[in-house]
Amino acid sequence: MSEQPSVLIIGGGIAGIQASLDLAGRGFKVFVLEATPTIGGRMAQLDKTFPTMDCSICILAPKMMECFRHPNIKLITYSELKEVKGSVGNFQVKIHKKPRYIDETKCTGCASCTEHCPIEVPNEFDMKLGMRKAIYMPMPQAVPRCMTIDTENCLNCKLCAKVCKAGAVDFSQEPQDVDLNVGAIIIATGFDQYDPSEITEYGYQRLGNVLTALEFERWVCASGPVAGHLLRPADGGIPKKIAFIQCVGSRGRKQGAPFCSSVCCMYATKEALIIREHAPDVQVYIFYNELRAFGKGFQEFVNRAKHEYGVTYIRSRPGEIREDLATNTLTLWYDDTLTREIKTLAGVDLVVLCPALLPRASNKDLAGIMGLQLDDCGFFKVTHPLLAPVDTSVPGIFVCGYCQSPKDIPDSVAQASAASARAAEALALAQVQRVGGT
Amino acid sequence: MSQYEPRIVGFLCNWCGYAGADLAGTSRLSYPANIRIIRVMCSGRVEPVFILNAFENGADGVLVAGCHPGDCHYRSGNQHAEKRVEKTRKLLDLLGIGSDRLRLEWISAAEGEKFASVIKDFTEKLRSKGPSPLGMGLDAPIQHNSTTESIHDILKRTKALYCQECGKCSSSCPITRLDPSYSPRLAVEKALMGLEESVLTDKGLWSCLTCYLCRQRCPLDIEYDELIRTCRSKAATNGISGNCSHEGVLYSLSRLMANKETKQNRLGWIPEGAQIAQKGDIMYYVGCLPYFNVVFDDIGVTHIESAQSMLSIFNAAGIEPVVLENERCCGHDLSFAGDFATFTTLAKMNVADIKKSGVSKVVTTCPECYRTLKLDYAELLGRQKFEVQHASEFLSDLIDSGKIKLNGKLRKKVSYQDPCRLGRHMGVFDAPRKVITSVPGVELVEMDRNRENALCCGVSAWMGCGRHSKQMQIERLSEAKSTQADLLVTACPKCQIHLNCALSERLPVKKEEVAIETCDLSVLVARALNPQTPRIEETIKE
């Protein structure tokens with residue numbers, strides 16, 4: 001069998017998108033495997049980005065479309081990796097494609113079906129804060145612009161089929177196994193958010209006005225569940241005091257993760273700025289441990305938050321959050337570790353927890369399928385953390401983005417380019433060896 | 001061996017007893033030289049622990065002498081003395097020392113002759129009774145062969161070197177909230193800076209409740225409770241100790257139980273008709289309940305009811321548990337108060353006794369016994385063959401297997417206080433809740449802070465009960481009250497003591513805001529098991 005000048009990219013987030021565009025631009029055929037109905041990943045869920053305060057989807061959507069339109073890129077969404085065989089230059093890959101019950105070639109994404117679907121369920125894309133129908137597109141900018149029917153919740157009433165003018169609804173679809181031959185593989189599976197309900201003293205899921213950071217991103221996003229109005233989730237009231245708690249489950253030895261997620265200090269600062277821009281009268285407090293503003297322009301960004309926007313930074317992990325039943329507000333107990341005073345912050349309307357960001361739990365299965373190793377935390381192991389940061393122990397399989405190590409968007413993008421360069425190199429080398437060797 | 005001469009310690013009041021002795025002396029009356037006199041300002045000053053300490057150190061008899069009733073120079077001191085002596089007599093009976101080794105006499109300043117005759121009589125009686133058994137069980141003064149670990153090693157072992165100084169412990173600590181001069185973080189910080197002396201002499205070392213809340217919440221899993229315990233033991237080696245509540249009478253009792261000659265007489269609580277066995281598969285480890293019943297008889301808690309309830313449940317399930325005649329204190333409080341040497345002695349004695357009984361399971365009503373038997377003994381003496389269960393787990397199993405059927409109709413809203421040792425220390429949160437909700441008609445209403453976030457009852461290891469403890473107790477009681485519960489169930493005799501103690505004193509709030517009936521889990525189950533008991537009729541009437 002000949003070497004395949006093609007690459008499989010696992011994960012359609014910003015790292016996967018960047019890697020696919022780089023490789024496609026070099027003339028390789030690229031398959032992008034994505035587990036959800038749309039590419040875009042975590043970045044698509046963010047409201048804005050630090051430190052530039054760009055609207056996240058505004059800078060991401062063009063790249064998503066470019067992926068979609070590129071003649072060398074094929075998107076395989078709503079699918080999972082099942083099997084990988086072979087070696088560099090010639091991997092035989094089996095992909096399990098779940099049925100969308102929608103003909104991707106016919107659906108225009110007009111979404112008129114959603115108006116008729118009687119079933120409403122929490123939208124995963126909005127971190128379950130908003131609702132979607134059983135036939136849905138996770139977000140308006142979804143790529144491919146195509147509906148999906150979630151059969152777990154579908155009543156099978158087929159109203160959607162009746163109203164679809166394009167005739168795209170197809171209930172006869174079956175799960176499909178797709179076989180691919182690729183020369184190299186890049187893994188870019190991103191992260192999961194640690195579920196802080198385990199840290200009961202912070203009351204996540206018990207107290208209505210405690211959110212996680214990703215939930216808050218959706219909450220304040222103009223395309224989110226409340227159209228970007230700054231409200232208290234429990235009762236829709238107008239918040240006056242908002243607190244962020246850093247390192248929830250990260251840098252610990254008991255729950256969550258032992259490592260620093262590397263982005264929380266900065267995104268909390270960004271979210272604080274978003275709040276102050278939305279509502280300048282809201283007081284914002286950030287409870288941090290060590291303020292890790294290490295990137296280019298990061299410290300300046302924090303300084304702006306402190307001095308221009310009046311965000312209060314307090315070095316502490318609060319001990320507990322309790323609800324004041326009379327005022328429906330929250331009280332935080334904390335030790336101001338710089339002054340060594342035990343204090344309370346009362347009358348807080350909303351607490352945003354910044355949980356550890358963990359490598360995906362599904363990495364374990366992926367590693368099993370591909371014969372790779374994970375480190376103790378669940379990140380993919382590379383052959384040398386300093387000198388070969390994107391090479392896994394299997395030649396021809398590379399890794400980039402958060403699933404390799406904690407990192408922010410620019411670093412993920414840079415690493416994606418690095419991984420695509422290494423993949424191109426591996427393919428070229430395989431070709432040279434074949435031509436020269438036989 | 002020379003002839004036995006009883007050693008008597010006499011606590012004589014300054015105004016009457018001592019003056020009487022003086023008169024006996026100046027009148028040249030002769031009396032046996034067996035008494036060593038300690039002058040106190042008033043017989044009311046004599047705490048039970050003074051008397052117990054005398055026996056602990058080898059006395060054969062103790063005399064307390066004060067003014068005749070009505071003659072007290074402080075109006076009512078001698079009345080207190082009478083009550084205390086009465087209490088101490090009961091304790092001496094339980095300990096097997098015998099209440100007749102303690103004598104209370106009213107001797108006025110004019111009664112030199114009475115003094116002499118009392119001493120003569122008491123000496124004679126003690127001579128014929130023979131020496132106190134404890135004297136022979138006394139080894140050389142207990143050597144504090146406690147830790148030789150350096151502060152750095154302790155920090156390493158308890159993982160305190162990982163501290164990120166985030167303040168989660170200090171902002172969780174219920175003591176720090178009331179008294180910021182102590183905080184778990186500052187203790188660790190000082191130790192990390194190598195300020196050993198400062199750590200060991202800090203008063204705060206003794207105000208920690210070892211309630212585990214800081215450890216529960218610490219993201220780095222620092223073992224503060226262990227750190228504090230080891231530092232206390234180190235401090236104790238240097239002769240430093242904390243403020244013991246009840247003047248340390250409970251430590252004294254524990255130490256007396258650690259005397260190898262002690263033969264207790266502690267089974268008096270077992271009601272007629274109840275069945276216990278000498279040999280069997282399951283042991284009921286009663287803990288210090290018979291002693292608590294005496295020491296805390298004035299705050300409206302009857303601990304014996306818990307023990308009796310537990311035994312009635314055993315019997316109802318067709319089990320005749322082994323109850324040791326000479327069961328000794330588990331040593332929990334001493335181990336957390338820095339006396340590791342006596343704790344070790346107790347541990348060895350208990351393990352030997354349990355092994356000898358051949359049981360495969362030990363059930364405790366007290367969560368501190370539970371922790372100590374299950375965790376600390378295993379750490380100290382290696383893993384033991386017998387299984388240790390707390391009553392809540394045992395009851396839950398009995399209900400599950402259908403061995404007991406709860407049929408009482410308790411129309412009650414019940415809230416539950418998580419004991420620190422049972423909950424956070426040992427992770428038993430569900431079993432007691434399951435037992436409570438299995439009682440027909442009972443509705444469990446949780447307090448705002450429950451399970452791993454529960455507030456401690458304010459005192460642990462009889463250490464430093466004070467203003468802050470009372471404040472915590474009032475806070476906890478009002479939290480329980482605000483659930484609209486009729487009954488606060490605990491699974492720890494000490495929670496019950498501390499919460500009721502707060503209620504028995506002058507309150508800073510209106511009594512109806514905090515007053516709530518408390519009972520032990522075993523009592524609740526026994527009430528539901530046997531609706532004929534008078535207590536249940538009361539409850540049904542309500």
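Proteins get letters first, then strands, A, B, ... in listed order; numbering begins at 1 in each. When reading the values below, keep in mind they use all heavy atoms of this one structure, side chains included, and skip hydrogens, waters and symmetry mates.
Proximity to chain A (any heavy atom under 4.5 Å) is shown, for B/Leu213, by neither the backbone nor the side chain. Contacts between A/Arg322 and chain B at a heavy-atom distance below 4.5 Å involve the side chain alone, from C-beta outward. Neither the backbone nor the side chain of B/Arg451 comes within contact range of chain A, judged by heavy atoms closer than 4.5 Å. When heavy atoms are compared at a cutoff of 4.5 Å, B/Gln164 approaches chain A by way of both its backbone and its side chain. Proximity to chain B (any heavy atom under 4.5 Å) is shown, for A/Leu325, by neither the backbone nor the side chain.
Of the listed residues A/Glu320, A/Glu290, A/Glu323, A/Arg315, the one with more heavy-atom pairs under 4.5 angstrom with chain B than any other is A/Glu320. Of the listed residues (A/Lys343, A/Gln255, A/Arg251, A/Glu341), the one with the most heavy-atom contacts under 4.5 Å to chain B is A/Arg251. Chain B forms the most heavy-atom pairs under 4.5 Å with one residue out of A/Thr337, A/Leu332, A/Ile342, and that residue is A/Thr337. Chain A forms more heavy-atom pairs under 4.5 Å with one residue of B/Ser183, B/Ser170, B/Ser172 than with any other, namely B/Ser170.
A/Phe379 does not carry A/Lys407 over the face of its six-membered ring by the limits of under 6.0 Å from the centre and within 45° of the normal. A cation-pi geometry, defined here as NZ or CZ lying under 6.0 Å from the six-membered ring centre and within 45° of its normal, holds between B/Arg421 and B/Phe336.
Ring planes of A/Phe244 and A/Phe216: perpendicular class, angle over 60° (limits at 30 and 60°).
Judged purely by atom type and a 3.5 angstrom limit, A/Arg317 has no side-chain atom pairing as donor or acceptor with the backbone of A/Tyr288.
A/Ile409 contributes atom CD1, which lies 12.5 Å from atom CZ of A/Arg42 (distance to the nearest 0.5 angstrom).
Tested against A/Asp281 for a salt bridge (charged side-chain N to carboxylate O under 4.0 Å, His left out), the candidates A/Arg276, A/Lys240, A/Lys241 yield a single pass: A/Lys240.
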